[in-house]
Amino acid sequence: MKKKLLVTLLAASFAFTMLAGCGKSESAEGQARGETGSEAQDKTEEADRSENGSTQSGAEDGAGSSQADGSEGGGGSGENGSESDADEKTSGGQDKDADQDSAAEGEAGYVIPEVVMPSLEIPDSEAFAFVRDMKIGWNLGNTFDAYSDRTFADELEAEAQWVGVATTREMIDDIREAGFHSIRIPVSWHDHVDENYQISDVWLNRVQEVVDYAYDSGMYVILNIHHDNSEQFMYPSTEYLEQSVSYVTAIWQQLAERFADYDQRMIFEGMNEPRQVGTAWEWWIDPASEDCKDAIACINTINQAFVDTVRATGGNNKNRYLMVPGYDASPDGVLNEGFVFPTDAEGVTDKLILSVHAYTPYKFALQGPGESGSTAEFKASALGSTRDVTYFMDRLYNTFIQNGIPIVIDEFGARDKGQNTQARVDYATYYIAAARARGMTCFWWDNNVFEGDGEIFGIYHRQDRSFPYPEIVEGLMKYAE
């Protein structure tokens with residue numbers, strides 16, 4: 001029997017699905033960044049985020065994906081963007097000027113839009129119930145994932161080097177009380193391991209301390225390997241595959257043993273945005289490139305090694321939910337024909353989740369304000385704003401969710417572009433409504449950045465424990481149930 005999910009959203013446009021399926025490179029489902037293939041190739045910015053608070057590498061920077069899409073997480077490479085793919089089952093957009101008179105007004109006078117979304121069938125399984133119960137999540141970004149070439153007298157100083165403040169239990173309590181049921185804790189380990197990839201006790205103990213802040217409050221917690229994507233540690237190519245598997249399995253052997261007794265609210269995510277850093281295709285997939293094909297095949301191997309390693313440690317890890325990404329964690333990274341979903345241990349079913357990042361539409365959500373094509377506008381009632389979101393989500397729904405594979409979009413967001421708060425409210429509300437209608441749970445990327453000319457994604461100000469944009473939080477919560 002299948003559960004039907006009905007969410008409110010202003011409109012319905014089956015027509016877009018037909019347009020989107022025509023393989024337009026502008027369709028926002030392609031890149032994790034949300035950019036078109038040509039835009040992705042033109043990108044020259046550094047993959048990993050710098051200390052000034054620019055969002056992390058790809059997806060935070062706007063992870064790329066195969067050429068045909070434009071969303072942050074990726075989309076179809078050629079054949080995956082076919083009309084029939086998008087047309088199988090879609091839930092459309094909305095009327096261009098749909099009436100929002102009934103929308104709720106937020107604390108500062110911003111309008112929280114009403115969104116009417118057609119119901120879609122969601123598989124009736126424990127895995128989908130689990131993802132549903134995660135409701136909505138928040139990223140503790142630019143924190144444990146921070147890294148540096150310099151050496152600290154106290155390695156714990158690394159936690160605050162990008163955000164300027166160490167995490168407290170009170171901060172996590174604030175996030176929980178705001179309505180977030182889940183938290184993702186990105187961690188870079190490579191600055192904290194010895195030559196045998198053994199993690200420093202000081203670093204691991206501190207990570208566990210913050211994990212416990214959230215876990216003890218009843219939240220779901222995602223722990224991962226984050227900015228360790230380099231030739232020295234993990235790099236998806238045949239040349240570095242043996243080393244990559246060695247590194248990833250060594251880290252997860254230790255983490256799995258450390259958290260073996262935690263229940264299923266503790267979730268492991270194998271890698272963050274695995275990709276060939278520094279190449280022309282770092283943020284998109286060239287279906288004709290042998291290097292891209294090789295990278296995708298290597299990611300399949302590393303994902304399988306991650307699953308096998310965790311399962312072998314026993315305890316609650318035998319049945320723990322595990323998350324795996326495709327190339328650069330984009331939709332394209334899992335929608336391309338080379339991606340292979342890993343096989344779970346014998347007797348274990350429905351315990352694997354796809355991890356996707358999608359800062360879509362790229363031109364609104366992630367592209368710099370001064371760049372050509374960038375826009376600060378998004379309207380939940382306008383098809384021109386929403387179609388890229390519904391397109392990439394429909395493709396994920398058609399390919400995976402209908403076939404029993406759950407998805408968590410554990411990075412998304414829209415950067416501040418000159419105080420365009422109403423547009424961001426519309427975006428947050430629509431995005432969550434669209435995702436929940438398709439059985440997906442989403443996590444906002446928060447890098448604690450609120451000013452400057454970088455990627456401003458902050459919604460919780462950690463220094464003074466405030467929510468500068470309560471209306472965005474309200475929009476996120478409106479359809480999260």
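This structure is a prediction, so every number in the text was calculated from the model and none was measured.
Side-chain atoms of K379 do not come within 3.5 Å of backbone N or O of Y427 as any donor-acceptor pair. Checking side-chain atoms of S182 against main-chain N and O of G137 turns up no donor-acceptor pair under 3.5 Å. A side-chain donor-acceptor contact under 3.5 Å links T429 to the backbone of V425. A distance-only check finds a donor-acceptor pair linking the side chain of D263 to the backbone of R265 [under 3.5 Å]. Proximity of a side-chain donor or acceptor of R415 to a complementary backbone N or O of L366 within less than 3.5 Å is detected. Here the side chain of T143 pairs a donor or acceptor atom with the backbone of G141 at under 3.5 angstrom. Side chain of N303 to backbone of N300: no donor-acceptor contact under 3.5 angstrom is found. D410 places no side-chain N or O within 3.5 Å of a backbone atom of F443 that could act as its donor or acceptor partner. Distance alone, capped at 3.5 Å, is enough to place a donor-acceptor pair between the T441 side chain and the V131 backbone. In this structure, T375 contributes its side chain and E377 its backbone to a donor-acceptor pair below 3.5 Å.
For the pair E371 and K363, the salt-bridge criterion is not met [side-chain N within less than 4.0 Å of a carboxylate O]. Under a 4.0 Å N-O distance rule, the pair D394/R438 qualifies as a salt bridge.
Aromatic ring orientation, F457 versus W444: perpendicular (interplanar angle above 60°, classes split at 30° and 60°). A perpendicular orientation is assigned to the rings of F400 and F339, their planes being inclined by more than 60° (bins at 30° and 60°).
For residues 343-353, every residue pair satisfying the salt bridge (charged side-chain N to carboxylate O under 4.0 Å, His left out) rule, not counting sequence neighbours, is listed here: R311-D344. The salt bridge (charged side-chain N to carboxylate O under 4.0 Å, His left out) analysis of residues 238-255, with sequence neighbours excluded, yields no pairs. Residue pairs meeting the salt bridge (charged side-chain N to carboxylate O under 4.0 Å, His left out) criterion with at least one partner in residues 293-310, sequence neighbours excluded, are E290-K293.
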Verdict with supporting geometry, Y262 and N316, side chain to side chain donor-acceptor pair (under 3.5 Å):
CA-CA 7 Å; Y262 288 60; N316 288 336; over 6 Å; no
Quick one: do D446 and W138 satisfy side chain to side chain donor-acceptor pair (under 3.5 Å)? Show the steps, please.
CA-CA 7 Å; D446 192 327; W138 178 85; 2.9 Å; yes
Dump the intermediate steps for side-chain contact (heavy atoms from CB on, under 4.5 Å) on E411 and R184, then the final yes or no.
CA-CA 9 Å; E411 279 190 28; R184 180 171 179 251; 2.8 Å; yes
After noting the C-alpha distance and the side-chain angles of Q232 and H190, does the key distance pass the side chain to side chain donor-acceptor pair (under 3.5 Å) rule?
CA-CA 9 Å; Q232 291 72 41; H190 68 270; over 6 Å; no
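Nearest heavy atom pair, residue D191 against residue S148, reads OD2-N, 3.1 Å. Between Y431 and A358, the shortest heavy-atom contact is OH-O, 2.7 Å. Here the closest non-hydrogen pair linking S374 and K417 is OG-NZ, 2.9 Å. For the residue pair A365 and G413, the shortest heavy atom distance occurs at CB-O, 3.3 Å.
At a threshold of 4.5 Å between non-hydrogen side-chain atoms, the residues I267 and V221 do not count as touching. The side-chain heavy atoms of E282 and Q276, taken from C-beta on, include no pair separated by under 4.5 Å. The shortest side-chain heavy-atom distance between N224 and M271 does not fall under the 4.5 Å cut-off. No side-chain heavy atom of Y220 sits less than 4.5 Å from a side-chain heavy atom of I183. Side-chain contact between L352 and V324: absent, with no pair of heavy atoms (C-beta onward) separated by less than 4.5 Å.
E231 is linked by a side chain to side chain donor-acceptor pair (under 3.5 Å) to Y240, counting only residues two or more places apart in sequence or in another chain. Taking F144 as the reference, W203 meet the ring-ring contact (aromatic ring centres under 6.0 Å, His included) condition, with sequence neighbours excluded.
Heavy atoms from other residues, nucleotides or ligands lying under 6.0 Å from CD of Q304 number more than 12. At most 12 heavy atoms of other shown residues, nucleotides or ligands fall within 6.0 angstrom of atom CD in E126.
Judged by the 6.0 Å distance and 45° axis criteria, R424 is not positioned over the aromatic ring of F378.
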Distance-only criterion, 3.5 Å: show the donor-acceptor pairs between side-chain atoms of residues 251-260 and protein atoms not counting sequence neighbours.
| residue | atom | partner | partner atom | Å |
| --- | --- | --- | --- | --- |
| W252 | NE1 | G270 | O | 3.1 |
| Q253 | NE2 | E257 | OE2 | 2.6 |
| Q254 | OE1 | I199 | N | 2.8 |
| Q254 | NE2 | Y197 | O | 2.8 |
| Q254 | NE2 | A250 | O | 2.9 |
| R258 | NH1 | N205 | OD1 | 2.9 |
| R258 | NH1 | Q208 | OE1 | 2.7 |
| R258 | NH2 | N205 | OD1 | 3.4 |

